Structure formats: structure tokens, C-alpha cells
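This structure is a prediction, so every number in the text was calculated from the model and none was measured. In this chain, numbering begins with 1 at the start of the sequence shown.
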Amino acid sequence: MGKCQSVDASVRSDSSQQNAFRRGTMGGNKNHRYVQSMARVGSRVFVPKSIVSQTKSNTNTTLKEHKASTYDHVHELVNDGISDNVSGKVGLVNLGNTCFMNSSLQCLSNTEPLCDYFLGYDYKSEINHDNILGTKGALARSYAELTKHLWLGRSKSYSPDEFKSSIGRFAPQFEGYEQQDAQELLAFLLDGIHEDLNRVIKKPYVEQEDFDGTNDEGDAIMSWSNYLLRNKSIVVDLFQGQLRNTMICRNSKILQDDGTYGCGHKNIKFDPFMYLSLPISNGSNTLDDCVSLFCEEETLQGDNQWYCSKCKAHVDATKKIDLWMLPPILIIHLKRFKFSVTGHRSKIERPICYPLSDWNLSKMKKSEGGVFPLYDLYAVSHHHGTVSGGHYTAHAKNRFDREWYDFNDSQCRKVDEEKEMLGYGSSAYCLFYNRVDRHHDATQERTTTIHRQSISRPELWPHLQRDTVTQWKSTRVALDYKEMD
């Protein structure tokens, strides 16, 4: 990715200073001063329960403990505990070509429900110490510590050297001090946090099922159920949705009566996703254009032919991906970097218009289930410059004053969205959207309820969050909920 054009020039490339950050000798006492944690709550909550006395006519109210189905109680705790003029407005020191990391971290830091989880929830109780795919909690703990300094500390900037060491141990490509890709770090970080906090201790073997398209709603629910058998975490709760992948045989040796080629075999899979990587073409002007391009049908030919299980051969085929179920937090990755046939890497500088609020994806989402897909932008990771000499920054909306801030490594400043031209430009690389209630009123907080995904509680699955029961008439699904979690 070349060299970073950082504002933290004093630590950008000097190897002795980079070594000093590793040893913690540069401002270590000030930067790593003890920051007290908040009181934390767990998954158990108490709700009022009315008890009618058998001997008297009056009704008594008591409290009953039960397992929370949402994180609302965590959100309330954090909101009450840190609402001030300093929280979240903290820069991150560039350790040497680490602006890519700083940009991604600032965007994630301003993801409210994730911030709530690491500040106010007993996340350590969910660390999976047996998962060989994780770090036994090391990455989750280092991210929690970073979040604490950004939201509970009083310094104007913080050095993320301890976090960098943790992510480097999990993903060695981030161990050194070369400029890397912000989206790649984001993907590895969320995957690492997921594995560290996966609530599934022993993962059963689950064979991925293929479907024929006759019962998409039910098949998607079944696929989600199978996915939850191996994956349940705050990352699944917040960031993961579902795509429908449709493959159709177009065998050129078989001509149908309607003039189309193929044996008629159709194969459908419902795959989870954590972010959408959207292509940019010469005709892309808006984010909706990029989504449409992502969902365009493509033909697989030549070396890309598909194996048709009915024809028992590799044949031409059509492939189409559709948005099926969208998550509470939707991350968009604009594919601005491309490789030529000779291996040369270049950047697509085409400006894209993206909505700041009320992004309506109802026409793009193909499932009848789920809550209405309306989204507000809350953070942007920007890449400025070229592949060989670029720099990453971030914009994020603060959860308390609802103002936009520019994060440029150690610097943080409030900005005007119109003067910054937020919503349009060629630098936007990763966009972070929060789903909002379409029936909200102007005085209400524009957030959405986050449900803890669980095998034993299908009513919390995104597919079953529907406006009317009549939408279920065409859905057929049979599930077994023996496991309690």
C-alpha cells in the first residue's frame, strides 16, 4: 500500500521511535495511565412479575430474573455513565504507517452497540478459551482496553501500541510497520473478536445445505439456524446478515423449448456476510448503483464454468447474488483498489454519492422477513491519495452531541458535514450504517434493538422480525429447538 502521509510525522518512519513504542517508553506513563472501568452488567436482568395472592384480593409485584434477549440494559447503563463533552473525541497516535488501523478503529469505536458491549457488558464471561481459531480472549481484551481509553479517558490522544501487538499476533501481516488496507484490518479484527467471544464452546459438524428455490423464506431460516449452531457472538448479533446465492445451469448442449440453454437445474445457498464489498464501474454514481452492480447476474464461462450436479459436468452457468437479510450495523466496502492482468495495483477515483440518513434498502432486500431496512450513516473510513502514497482518515458522528468529527491520527476536530462534503467524494472507502426505526419521532433516539442470537429462541432471529403475521402464509419451515443457550 506504499507509505502513509501521516500528520504524526515525528513517528511516521523512524525505526528507533517505532521500537520505543514497542517498549512503551514514549509517553508511556501518561498514555497508559490507569483508566477506571465502568460497572458492568451481564446477560441476566430482572423484570417485574405480578403475583396474585391466594388469600387476599390484592396483587403483589416482585422481580424475576431471566436471560436478556437484547442489549438495551447495557445501552442505558453506558449512556448514563459516560455522557460528557470529552468521550469519544480522542485521536490515535500513528505508530508508523498505521493510519489504516487508526481509521478503522475510530469507525468501530463509534459503533454504539459495540462500544456499549465493551464498556458496560461483562464480555469476559463470554470469552471462549477453547476456540483454536481465536486468541483465548487476548484480542478482545486489548480492544476493550482501547475502547475504555477512547471513551472513559481524559487524554486528547492515545497510543494503540498494545492493541497493535495483539492484532499482529492474531494476523501476522499487521505485525510490522508497512501501510496496509483498512478494510482488511477491519475484517480480521471483527473475525478475531467473533472467535474470541463465540458463545459456541463445541462446534458441531454442520453440512451446508443446497436448495432449489421452491421455499426460499423457510430455507433461509434453516440456513441461519445451522449457522448459529457454530457461530454466536456480539459480532453475529450486530454485523452479520445473509445473502442468497443462485446458480442456474446454462449447459450449451441442452436447448430448452423457450430458446434458453441448460438442463434447468438450480442451486441456491444462503450465506452469511459481515460486510458488503461493492464494485465501482464507470457508470456508478450513487451507492445504490454499486449495490445494483453487486446484485447483477453474471455468466460463468470458460475457466470459470460451474459443476452442475445434474449434468455431471462443468458447464456454463449464471450466478446471481441478492441481499436477503440485512444486519443492524451494515458495513459497506467500496472496492476502490484493483489489479490489472499484469498484477499492477491501481485506485478507482470515481466520486460516489452516499446517503447520510434514511437510506432505504427495501427494494434491494428480497426477503419478506426482517424489520424495515432503513439506515443512517455514522462513520466513514477515507483513503486519500494514491496506492503508493496514500493516507487514511475517518469521519464519525459522536453519540452524545450528534456532531461530526474528523479523525486524522492523533488529531480530532469537529467539522461541518456540508463543508466537509460528507455524502459525496472519491475518498470514501468503508461506510458504516446503523439501522433505524422508520416510525421514529424527531425526539427519539434513532437506534434499533439488537437481539442476542440463540438457537433456542428463534423469535429473536432477524427473519422473524416481521410487521404482520400474514406475511408468514407462504413460509414453510420445520426446526428443532432442543439446545438451550
Side-chain angles (χ1 to χ4, degrees), residues 4-9 12 79 82-94 98-112 114-115 146-147 149-160 182-183 185-186 286-287 329-334 336 347 349-359 375-386 389-434 436 442 445-447:
C4 160
Q5 308 299 316
S6 169
V7 295
D8 296 347
R12 185 174 61 231
N79 260 9
I82 64 171
S83 55
D84 57 44
N85 294 324
V86 180
S87 296
K89 304 165 189 177
V90 179
L92 290 171
V93 174
N94 191 311
T98 57
C99 59
F100 72 97
M101 180 181 75
N102 294 345
S103 175
S104 295
L105 290 176
Q106 292 291 7
C107 292
L108 278 185
S109 169
N110 284 277
T111 302
E112 282 192 42
L114 188 67
C115 179
L146 179 134
T147 303
H149 279 271
L150 293 181
W151 289 92
L152 302 181
R154 286 295 179 266
S155 299
K156 291 184 178 180
S157 64
Y158 175 71
S159 177
Q183 186 272 333
L185 178 124
L186 184 69
T286 69
L287 200 53
I329 303 295
L330 179 60
I331 301 177
I332 302 294
H333 164 227
L334 293 175
R336 291 199 174 276
K347 182 183 176 183
E349 296 281 1
R350 186 171 183 83
I352 297 295
C353 182
Y354 52 94
L356 298 181
S357 62
D358 295 325
W359 185 26
Y375 289 86
D376 283 356
L377 184 77
Y378 68 88
V380 185
S381 174
H382 296 274
H383 182 271
H384 310 274
T386 64
H391 179 55
Y392 285 96
T393 64
H395 281 113
K397 180 178 278 191
N398 186 271
R399 64 188 292 169
F400 296 116
D401 63 18
R402 311 310 298 171
E403 298 286 349
W404 283 96
Y405 287 83
D406 173 68
F407 295 92
N408 190 349
D409 286 333
S410 61
Q411 298 180 3
C412 171
R413 62 185 180 92
K414 186 166 72 171
V415 296
D416 181 89
E417 64 184 59
E418 293 184 1
K419 291 181 180 179
E420 293 286 297
M421 294 188 65
L422 280 171
Y424 179 80
S426 59
S427 66
Y429 185 45
C430 293
L431 306 167
F432 294 72
Y433 282 92
N434 176 58
V436 295
E445 188 178 9
R446 289 173 66 89
T447 58

(message) For V93, is there any backbone N or O sitting under 3.5 Å from a side-chain donor or acceptor partner on S410?
(response) no

(message) Donor-acceptor check, side chain of D406 to backbone of Q411, threshold 3.5 angstrom: yes or no?
(response) no

(message) Set out, in order, the CA-CA distance, both residues' side-chain angles and the distance that settles side chain to side chain contact (heavy atoms under 4.5 Å, CB included) for F432 and L186, then state yes or no.
(response) CA-CA 12 Å; F432 294 72; L186 184 69; 3.7 Å; yes

(request) Examine the side chains of Y378 and T111 and answer whether a donor and an acceptor come within less than 3.5 Å of each other. (result) yes

(request) Give a yes or no answer on whether the side chain of Y375 reaches the backbone of N434 with a donor-acceptor pair at less than 3.5 Å. (result) no

(message) Salt bridge check, E112 against R402: does any charged N sit closer than 4.0 Å to a carboxylate O?
(response) yes

(message) Could you check, using the six-membered ring where one of them is a Trp, whether Y429 and H333 have ring centers closer than 6.0 angstrom?
(response) yes

(request) Determine the sole option in N110, V90, N102 for which the side chain to side chain contact (heavy atoms under 4.5 Å, CB included) test with F407 is passed. (result) N110

(message) Between R399 and N79, does the side chain to side chain contact (heavy atoms under 4.5 Å, CB included) criterion hold? Intermediate values first, please.
(response) CA-CA 9 Å; R399 64 188 292 169; N79 260 9; 2.9 Å; yes

(request) Go through the steps for R413 and E420 under the test salt bridge (Lys or Arg N to Asp or Glu O under 4.0 Å), then give the verdict. (result) CA-CA 12 Å; R413 62 185 180 92; E420 293 286 297; 3.5 Å; yes

(message) List the residues meeting side-chain hydrogen bond (donor to acceptor under 3.5 Å, both in side chains) with S104, not counting sequence neighbours, and say none if there are none.
(response) none

(request) Mind telling me whether H384 and H382 have parallel, tilted or perpendicular rings, with 30° and 60° as the class edges? (result) parallel

(request) Over 60° means perpendicular and under 30° means parallel, so classify the ring planes of H395 and W404, tilted if in between. (result) perpendicular

